[in-house]
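Okay, so here's the structure we're looking at.
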Protein chains: 2
Amino acid sequence: MARKSGDRPFEAVGFLISQLGFQSSRRFADRLEPLDLNPRTFALLRHIEAAEGEPQHALAEALRVPPSRMVALLDELEERGLVERRPHPTDRRARSLYLTSAGRRLLEKAKKVAAEHEAELCADLSAAERKQLIALLGRIATGQGLAAGVHPAIGFKVVGPPGD
Amino acid sequence: MARKSGDRPFEAVGFLISQLGFQSSRRFADRLEPLDLNPRTFALLRHIEAAEGEPQHALAEALRVPPSRMVALLDELEERGLVERRPHPTDRRARSLYLTSAGRRLLEKAKKVAAEHEAELCADLSAAERKQLIALLGRIATGQGLAAGVHPAIGFKVVGPPGD
DNA sequence: TATTGTTATACTCTATAACTATA
DNA sequence: TATAGTTATAGAGTATAACAATA
């Protein structure tokens, strides 16, 4: 997308998406802070809710997080009483993951925050425009081979998955 | 955007943008690797090209990078013979930044890579759709108070500014 | 012999703040 | 006294690989 004169840069889809993605994640992280959550822990709670009883390695695999990292992540959530590691019914090596009721309550609050975040992001868009934007982005995501719901940065510090 | 039944998550603008932004940056980084560049160094070269002769602190300020970080960043580019630090004409504390001819040549190559990246990203979109997508994203970016061309993650490791 | 979860180690990147030389 | 650039230090977060228990 080279421009001939003036060379006005940075109007490409790639740059805009990256710029916005980072900004959106950061903003979402700020919003979650009062709940002592961040985009990553939020995503974790969501995935556990969606597949309760699964062992750690299944979660790690689904989210593409190294198992050794999952340990520390879950340690924190368990210490805070949001997640429970129970013995697996058939495999004594494994530990089944469950949300506690406190975890469930906090997750519901976080979902509200996510909805607010989404609303803010799309404040200047009509419902039809938002729908169209989602469709366009979804086509790019498919083209890029992205699995729906799996944020490729979930293993990283700053950029996490803004949700809902 | 809570859904009542099934609770199918992750179809929000926020999540898609963040997911795609990260993926796009990573993909762009892969593409730049053969040139021994990454999104951040690419952005640096671009900005220097756009404002040659400026001192370091101006660049640091424009890109929101701490001055101490700028040092290491520029050290690398200078050692590779891509950027030159010349004495400032009026302020002997400052150093004016210039692209070397090698830097200019490499930047041109990188711009081609960026154009390829953009083309890949938008492969499934018509020209009109791409234009519309850019317009929609641009409106969100404005609403979020993002300065055009300044990637908020330029100071970070993994996520850099995919360009053009 | 392979796998689940855990721990330990080393490495990379970062911000903070002290420092110098000019202004 | 303030500013441009630099350097040093300490801290956070990460992957890698070794480890114990179980399959």
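Chain letters run A, B, ... following the sequence lines, proteins first, then strands; residues in each count from 1.
Counting only heavy atoms from C-beta on, B:Asp75 has its side chain closest to D:dT7 among D:dT7, D:dT14, C:dG5. Comparing C:dA15, C:dG5, D:dT6 against the side chain of A:Gln56 picks out C:dG5 as the nearest.
Regarding A:Arg69, its CZ atom lies at a distance of 16 Å from the P atom of C:dT7, rounded to whole Å. Going from atom CG of A:Asn38 over to atom C1' of D:dG13 covers 13 Å, rounded to whole Å. Rounding to whole angstrom units, NE2 of residue A:His57 and C1' of D:dT22 are separated by 13 Å. In this structure, A:Leu74 places its CG atom 12 Å from P of C:dT7, rounding to the nearest Å. Here D:dA15 presents its P atom at 11 Å from CG of A:Leu73, a figure rounded to the nearest Å. Between the CE atom of A:Met70 and the C1' atom of C:dT6 there is a distance of 14 Å, rounded to whole Å.
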B:Glu52 and B:Arg104: salt bridge (charged side-chain N to carboxylate O under 4.0 Å, His left out), yes or no, with the steps? CA-CA 12 Å; B:Glu52 276 195 311; B:Arg104 233 172 285 277; 3.1 Å; yes
Salt bridge (charged side-chain N to carboxylate O under 4.0 Å, His left out) assessment of A:Glu108 paired with A:Lys111: CA-CA 5 Å; A:Glu108 288 312 311; A:Lys111 283 182 185 176; 3.5 Å; yes
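With sequence neighbours excluded, the residues forming a salt bridge (Lys or Arg N to Asp or Glu O under 4.0 Å) with B:Arg80 are B:Glu76, listed by chain and number. Looking at residues two or more places apart in sequence or on another chain, you find a salt bridge (Lys or Arg N to Asp or Glu O under 4.0 Å) between B:Arg27 and B:Glu120. For A:Ala110, the side-chain contact (heavy atoms from CB on, under 4.5 Å) test picks out A:Leu32, A:Leu35, A:Leu37, A:Phe42, with sequence neighbours left out. For A:Glu33, there are no salt bridge (Lys or Arg N to Asp or Glu O under 4.0 Å) partners, not counting sequence neighbours.
For DNA chain D, the residues of residues 86-98 of chain B within the heavy-atom distance limit of 4.0 Å (strictly under) are B:Arg93, B:Ala94, B:Arg95, sorted by number.
In the model, A:Ser24 has no side-chain atom that pairs as donor or acceptor with a side-chain atom of B:Ser18 under 3.5 Å.
B:Leu59 has its side chain out of reach of B:Glu54: every pair of non-hydrogen atoms, C-beta onward, lies at least 4.5 Å apart.
The only member of A:Leu73, A:Leu97, A:Leu107, A:Val83 that meets side-chain contact (heavy atoms from CB on, under 4.5 Å) when paired with A:Leu44 is A:Leu73.
For DNA chain D, if you chain together Watson-Crick or G-U pairs that step i with j, i+1 with j-1 and so on, the runs of at least three with distances under 3.5 Å are C:1-23 with D:1-23.
Not a single donor-acceptor contact under 3.5 angstrom links the side-chain atoms of B:Ser68 to the base of C:dT14.
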